[in-house]
2 protein chains.
Amino acid sequence: MSTYHPLSEAEAIEIARTLEGVFAPDAKLVSREIGDGNLNLVFHISDPATGRSIIMKQALPYAKVVGESWPLTLDRARIESEALMLEGKLAPGLVPTVYLYDKELALTVMEDLSDHVIMRQGLMNGGRYPQFAEHISTFLAQTLFFTSDLGHNQQEKKLRSAGFINPELCKITEDLIFDHPFTDADTNNFEPAIRDEAEALWNDGALHLEVALLREKFLTHSQALLHGDLHTGSIFITPESTKVIDPEFAYFGPMGFDIGAVIANLLLNFAAREGWDKTAADRDAYRAYLLKTVRDVWTKFEAKFIALWNEHGVDRLAAAAPGYKENYMRRLLQDTVGFAGCKMVRRIVGLAHVADIDKIQDAAVRERAQRLALEIGKTLIKTNRSAFSINQLIDAVETAAAKAAVQA
Amino acid sequence: MSTYHPLSEAEAIEIARTLEGVFAPDAKLVSREIGDGNLNLVFHISDPATGRSIIMKQALPYAKVVGESWPLTLDRARIESEALMLEGKLAPGLVPTVYLYDKELALTVMEDLSDHVIMRQGLMNGGRYPQFAEHISTFLAQTLFFTSDLGHNQQEKKLRSAGFINPELCKITEDLIFDHPFTDADTNNFEPAIRDEAEALWNDGALHLEVALLREKFLTHSQALLHGDLHTGSIFITPESTKVIDPEFAYFGPMGFDIGAVIANLLLNFAAREGWDKTAADRDAYRAYLLKTVRDVWTKFEAKFIALWNEHGVDRLAAAAPGYKENYMRRLLQDTVGFAGCKMVRRIVGLAHVADIDKIQDAAVRERAQRLALEIGKTLIKTNRSAFSINQLIDAVETAAAKAAVQA
């Protein structure tokens, strides 16, 4: 079984049975393949007698997106499992436990989180997650600080980075986030109703300068080990629990890319609210909840990151130089704002969209949501280098929403 | 012979004999060990009958500096030989030709450059090198552009960077350039006469902020494959030829670090001139030559780098975004200015000095040179983020020299 091949459900059960201390030797195991088949096989293996269950995720040697298929390295399974295990050590309880990684089969066996929902779906359903900002800010502060030159031995960080060179998955981000939406690329995917918006993106030189600077950071700024794809579809959640999954895009890059991804996806849901709430009052209340969450994610992250720095900093000069921490945190906020903007824009005109907006049934409402998301995204990109407070970002979002409401 | 051990001269000759097409089979070869024994054995192998000769450089598994000895990876020989071969491909004629690299023996066999002099010694002797700025700017533009995300396939660049992770030698730079000179560290090495200057460095918060920002760039900005130690002791020269040697510190870092190293070492010689020139007129003329060289190094580099970008750029957005090139080149100049400053300061108060200044016999003159070098270095560090033209740097150097002349 050790040569790579896509597993059958029977084979998956056979492997599950060999795991120590998980299932009884004579358990009657049941398997369900629950992946979408685009990138991975995902088996849900359970013992109905005890209710115990696990997830087995096997990478497929190709990616399928909108009918296209291209080869994709199986090494991403190694990167994902190693990132999960490291994140689990740095942020205990905030990622699924990994039971086994099999290199040959590109297979990761991990904790079943079926009692959680995917956060994107949870938000679409109007769910509120009072612990989310607390949890995700801990995840971000712990994983980013302790893999950076501020919190980790700087020679070991260099050696570790060699294990997370991730050219193929970085390429997807470089193309789909930091290039294609800003030119008339074949991969772009937008509704005819907003063609004017797409063309405006392609012809906005001031925007291109900012995106080029952010792209350069993504390409060259080896700041910390990122999750690399931290949208609300990569988060399992309940009101009490948050679990970050799917770090196959992990690599050493700019911290703001992860923080910005979380904020961008909260704001995409913000833009989509008119499609989900029954009344204007519901919508306003939910939007206020989302903006409070955005603010809390940043302020809690900032406080925790600085606390870690004060207690566990390994860089003498970074700790001693007056004003350096403030300078560092401000640049981190600026990166966060800029990357959040890029992540919003690509979800409207680029290849991969978000269900928050795509699933809005009413075309006119959907179009309003798309235009609002683009307006917020462009504003964040254009103002990223002058950002100095999370309140600025909140104000910009509220201003864009008010403008959209007047136009509606 | 293939297990690692320091070679004897007889063994070196035996290996030289096996090289294809270099020496006649029956040649009577002569070996001379010409290394300083601190880091490497260096054998000069020649055939007196034909005048043909080669250099064999073998890494030793330790470093000796001012009596201390610490273990140092033999892998640096691989990094050095791979960097030399890549530089030779990108900048033909500007590095020695590599004939052989033997991994087990940590041995690199290369072109003999005995007809050249080490540039530091050449400058101390008042030599002028009219081709130097042309050559080194080509070396810098070609090696930096074509190993960056601007000029090299961005996925291959990531893979290549894994081969140049160089923790041990980077650590030397991180400590000796970007930390120790700015605190009362044991490794510091300065004359009692300038203790006031050293203490001022330790207590200058504004300076520490700038150094911390430059240190961060050295740690995280994976911009291009650097030489990593490009001072005038790493350059063999004649009036017609320039050969860059010893890239064992090579790693992917900020381009300005290499350009700044060249400029810093020209300016260290500038500061040292009062110890080398017979008359004030000689001194002024030589200083004018050095400053012209500094200006030419930058302006020629800038022109060549932009020309390569225009012709061979691989990044669509970096080429298309209005103002991005200007923004990029300005940041590159700023980095160059800041790193040049750091490199000057460490050569006066840090562990490793330069002969240009240390060999000045007259203690008062030597002290003047040291104070001038520190004045220039600190000015460059403090003004790096506002630099917008190489003329600013030249002006700052001339102002510092004029001030020093008045005080003398």
Side-chain angles (χ1 to χ4, degrees), chain A residues 148-150 153-168 170-171 174-175 178-180 182-183 185 202 204-224 251-254 315-328 331, chain B residues 148-150 153-168 170-171 174-175 178-180 182-183 185 202 204-224 251-254 315-328 331:
Chain A
S148 79
D149 289 294
L150 298 173
N153 175 287
Q154 298 171 349
Q155 277 40 65
E156 286 171 23
K157 177 213 171 201
K158 291 178 179 69
L159 294 172
R160 178 182 274 170
S161 73
F164 289 98
I165 286 175
N166 199 347
E168 286 188 29
C170 283
K171 170 82 172 152
E174 289 157 21
D175 286 350
F178 295 113
D179 185 354
H180 296 183
F182 306 97
T183 189
W202 304 340
D204 188 338
L207 191 73
H208 294 177
L209 173 58
E210 299 304 327
V211 176
L213 290 167
L214 290 160
R215 175 179 168 84
E216 180 191 329
K217 282 189 185 159
F218 187 84
L219 286 165
T220 63
H221 198 192
S222 186
Q223 200 174 23
Y251 88 113
F252 276 77
D315 192 290
R316 188 200 69 78
L317 192 62
Y324 180 70
K325 265 181 203 151
E326 295 74 8
N327 181 302
Y328 193 99
R331 285 183 288 128
Chain B
S148 79
D149 289 294
L150 298 172
N153 175 286
Q154 298 169 349
Q155 276 42 66
E156 286 169 24
K157 178 213 168 199
K158 291 178 180 68
L159 294 172
R160 180 181 271 168
S161 73
F164 289 100
I165 286 174
N166 199 349
E168 286 188 29
C170 283
K171 169 81 171 154
E174 290 157 20
D175 286 350
F178 295 113
D179 186 355
H180 295 185
F182 306 97
T183 189
W202 304 341
D204 188 339
L207 190 73
H208 294 178
L209 173 59
E210 300 303 328
V211 176
L213 290 166
L214 291 159
R215 175 179 168 85
E216 181 190 329
K217 283 188 185 160
F218 187 84
L219 286 166
T220 64
H221 198 193
S222 186
Q223 200 174 25
Y251 87 112
F252 276 77
D315 193 290
R316 187 199 69 77
L317 192 61
Y324 180 69
K325 266 181 204 152
E326 294 75 7
N327 181 301
Y328 193 98
R331 284 183 289 128

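Naming: A, B, ... by sequence-line order, numbering from 1 per chain.
Taking chain B as the reference chain and counting heavy-atom pairs below 4.5 Å, the highest number among A:P167, A:G205, A:A321 is found for A:P167. Ranked by non-hydrogen atom pairs under 4.5 Å with chain A, the options B:S222, B:P254, B:S148, B:A320 are led by B:S222. Ranking A:Q154, A:K217, A:Q223, A:E156 against chain B, the residue ahead of the rest is A:Q154, based on heavy-atom pairs under 4.5 Å. Each of A:A224, A:A318, A:A212, A:G163 has some count of heavy-atom pairs under 4.5 Å with chain B, and the biggest count is that of A:A212. With chain B as partner, the option from A:T183, A:N166, A:L207, A:V211 having the largest number of non-hydrogen pairs under 4.5 angstrom is A:T183.
Once rounded to the nearest 0.5 Å, the distance linking CD of A:E326 with CG of B:L209 reads 9.0 Å. Distance check: A:L317 CG to B:D175 CG gives 11.5 Å after rounding to the nearest 0.5 Å.
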Passes side-chain contact (heavy atoms from CB on, under 4.5 Å), B:K157 versus A:T220? Steps please. CA-CA 10 Å; B:K157 178 213 168 199; A:T220 63; 4.1 Å; yes
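Both the backbone and the side chain of B:L219 come within contact range of chain A, judged by heavy atoms closer than 4.5 Å. Neither the backbone nor the side chain of B:D204 comes within contact range of chain A; no heavy atoms are under 4.5 Å apart. Of the two parts of B:D179, the backbone and the side chain both hold a non-hydrogen atom closer than 4.5 Å to a non-hydrogen atom of chain A. Of the atoms belonging to B:F178, it is backbone heavy atoms, and not side-chain ones, that fall under 4.5 Å from chain A. Heavy atoms of B:L150 lying under 4.5 Å from chain A are absent altogether.
When every heavy atom of A:I165 is checked against every heavy atom of B:L159, the shortest pair comes out as CG2-N, 4.2 Å.
Checked by atom type, the side-chain pair B:E216/A:Y324 shows a donor-acceptor distance below 3.5 Å.
Looking at B:R316 and A:E174, no side-chain N of the basic residue comes within less than 4.0 Å of a carboxylate O on the acidic one, giving no salt bridge. Between B:K158 and A:E168, none of the side-chain N atoms (NZ, or NE/NH1/NH2) sits under 4.0 Å from a carboxylate O, so this pair counts as no salt bridge. Between B:R215 and A:D315 a salt bridge is recorded (basic side-chain N to carboxylate O distance below 4.0 Å).
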